[in-house]
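This report refers to the structure that appears directly beneath it.
In what follows, every chain begins at residue 1, and chains take the letters A, B, ... in the order their sequences are listed.
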There are 2 protein chains.
Amino acid sequence: MTVAQPTGDELVEMLAALANPLRLRIMAKLAEGRDYVSHLAREIGVSRPLLHMHLQRLEAAGLITGSFELSDDGKAMKYYEVAEFDLHLTAAALVAAAQTLTSSEPTTGPAPKERSR
Amino acid sequence: MTVAQPTGDELVEMLAALANPLRLRIMAKLAEGRDYVSHLAREIGVSRPLLHMHLQRLEAAGLITGSFELSDDGKAMKYYEVAEFDLHLTAAALVAAAQTLTSSEPTTGPAPKERSR
DNA sequence: GACACCTGTCAGGCTTTTCTTACACGTGGA
DNA sequence: TCCACGTGTAAGAAAAGCCTGACAGGTGTC
């Protein structure tokens, strides 16, 4: 209740972001505590560029937030942490979400005809 | 409460199935009432083969169920309806789900080294 | 027979996602 | 200077997803 419901498009983006084993693992790891990119990559066991890509996807979906910070020895570290979210997926929720979808409206394209042979 | 929680792999499949505008629309339409393939295709405005593919994906994820029925005039109709599901996605839920993931265990692959130049 | 419906599936093409490898830049310490 | 750590990003290959068009079969009605 405290969280605003996402639009249909936003919901699709969030679901797509979570629908990946590696990203699910990333979310789980960050849920245990914030971390910076290189350390997280070693922790999970993936290459840093790959993790970077997945973090971008998660951040774009609004599931995590990144912030730059300077460590004691002057290195620029990018810390990520999970954002607050609470998605409740039920049949009724999907009906509501589908009404706010923008991509390829059913009214846009002419109904594809199919001749019976 | 009444629904058993899916494993991590199952959750990923369910999320992937829902993370698509067209499939979201299909779910929303079926939530308003069961329907058969050809009619649903006309209703939504997509080709029947395409709808067939998406229905398979949704059924494989356990979100809908299909059943064959014979109409009054002897035609074989395949009716689909939404299955009962209730996914509650929170940070804690993702932690639990990630523990039951099978694909590409973090312990399997050796940590990819990266030489600094 | 020709047509109206219903079902399924396959081949091909296009787009998107996923991942690796390699490069670029920065700081601080021996 | 060289090395260790941090950051980002771009190119290319491999795989997966999405979609169209055409084909196969079935039933019942005009």
Side-chain angles (χ1 to χ4, degrees), chain A residues 12-13 15-26 34-61 66-80 103-104 106 108-117, chain B residues 12-13 15-26 34-61 66-80 103-104 106 108-117:
Chain A
V12 168
E13 192 174 9
L15 294 177
L18 292 175
N20 176 288
L22 181 49
R23 283 196 291 267
L24 203 55
R25 240 186 276 275
I26 293 171
R34 63 204 293 272
D35 202 352
Y36 63 95
V37 185
S38 286
H39 183 250
L40 186 58
R42 285 190 298 265
E43 200 76 11
I44 299 183
V46 295
S47 72
R48 192 176 50 79
L50 181 58
L51 178 63
H52 183 267
M53 190 203 64
H54 286 300
L55 288 174
Q56 274 193 325
R57 203 118 155 56
L58 288 169
E59 188 172 27
S67 59
F68 252 108
E69 290 179 26
L70 281 164
S71 66
D72 293 343
D73 50 346
K75 294 202 191 84
M77 323 277 280
K78 185 142 195 187
Y79 276 87
Y80 279 98
S103 68
S104 54
T108 299
K113 302 177 203 164
E114 193 188 3
R115 258 199 54 248
S116 39
R117 67 175 290 269
Chain B
V12 168
E13 192 174 10
L15 293 176
L18 292 175
N20 177 286
L22 181 48
R23 282 197 291 268
L24 204 55
R25 240 186 275 276
I26 293 171
R34 63 205 294 270
D35 202 352
Y36 62 95
V37 184
S38 286
H39 183 251
L40 186 58
R42 285 189 296 266
E43 200 77 10
I44 300 184
V46 294
S47 71
R48 193 175 51 78
L50 180 58
L51 178 62
H52 183 267
M53 193 202 60
H54 286 302
L55 288 174
Q56 276 193 323
R57 205 120 153 53
L58 288 170
E59 186 171 29
S67 60
F68 252 109
E69 289 179 26
L70 282 164
S71 66
D72 293 343
D73 50 347
K75 293 203 193 84
M77 323 276 281
K78 184 141 194 187
Y79 276 86
Y80 279 98
S103 68
S104 53
T108 299
K113 302 176 203 163
E114 192 187 3
R115 257 198 53 249
S116 38
R117 65 177 291 270

What integer distance in Å separates B/Asp72:CG from C/dC5:P? 17 Å

Closest of D/dT7, C/dT7, D/dT20 to the A/Tyr36 side chain is D/dT7

Does A/His52 have any side-chain contact (heavy atoms from CB on, under 4.5 Å) partners at least two apart in sequence or in another chain, and if so, which? A/Gln56

Base, sugar-phosphate or nothing for A/Glu69? Non-hydrogen atoms, less than 4.0 Å. nothing

Any idea which of D/dC18, C/dT9, D/dT7 is nearest the B/His52 side chain? C/dT9

Side chain of B/Leu22, heavy atoms from C-beta onward: which of D/dC19, C/dG26, D/dT7 has the nearest atom to it? D/dC19

B/His54 and side-chain hydrogen bond (donor to acceptor under 3.5 Å, both in side chains): which single residue from B/Arg25, B/Glu59, B/Arg23 fits? B/Arg23

Whole-Å gap separating P (D/dG6) and CG (A/Asp73): 10 Å

A/His54 atom NE2 is separated from D/dT9 atom C1', nearest whole Å, by 16 Å

May I have the step-by-step check of side-chain contact (heavy atoms from CB on, under 4.5 Å) for B/Phe68 and B/Lys78, ending in yes or no? CA-CA 5 Å; B/Phe68 252 109; B/Lys78 184 141 194 187; 4.0 Å; yes

May I ask you to decide if A/Tyr79's main-chain N or O and A/Glu69's side chain share a donor-acceptor pair within less than 3.5 Å? no

What is the distance, to the nearest angstrom, from the CZ atom on B/Arg23 to the C1' atom on D/dC18? 9 Å

Taking only side-chain nitrogens and oxygens of B/Gln56, does any of them come within less than 4.0 Å of OP1 or OP2 of C/dT9? yes

Per nearest nucleotide of DNA chain C, the residue lying toward the 5' end, B/Tyr79 or A/Asn20, is B/Tyr79

As a test of reading the structure: which of C/dC6, C/dG26, D/dT20 is closest to the side chain of B/Pro49, going by heavy atoms? D/dT20

How long is the line joining CE of B/Met53 and P of C/dT7, in whole Å? 17 Å

5'-most contact on DNA chain D: B/Leu50 or B/Arg57, nearest heavy atom basis? B/Arg57

Hey, is the side chain of B/Lys78 poking within less than 4.0 Å of OP1 or OP2 on C/dG8, counting only N and O atoms? yes

Short side-chain N/O contact from B/Arg48 to OP1 or OP2 of D/dG21, under 4.0 Å: no

Assess the residue pair A/Leu50 and A/Leu22 against the criterion (side-chain contact (heavy atoms from CB on, under 4.5 Å)); give the C-alpha distance rounded to whole Å, side-chain angles, the decisive distance to 0.1 Å, and a yes or no. CA-CA 10 Å; A/Leu50 181 58; A/Leu22 181 49; 4.0 Å; yes

Here the gap from A/Leu40 atom CG to A/Ile26 atom CD1, rounded to the nearest 0.5 Å, amounts to 6.5 Å

Any side-chain N or O of A/Lys75 below 4.0 angstrom from OP1/OP2 of C/dG28? no

Proximity to the side chain of A/Ser47 - top-ranked nucleotide from C/dT20, D/dT20, D/dG8: C/dT20

Quickly work out the A/Leu40 CG to D/dT7 C1' distance and round it to whole Å. 15 Å

D/dG6, OP1 or OP2 - any side-chain N/O from A/Arg42 closer than 4.0 Å? yes

Interatomic distance where CG belongs to A/Asp35 and C1' belongs to D/dG6 [whole Å]: 13 Å

Rounded to whole angstrom units, what separation is found between the CG atom of B/Leu51 and the C1' atom of D/dT20? 14 Å

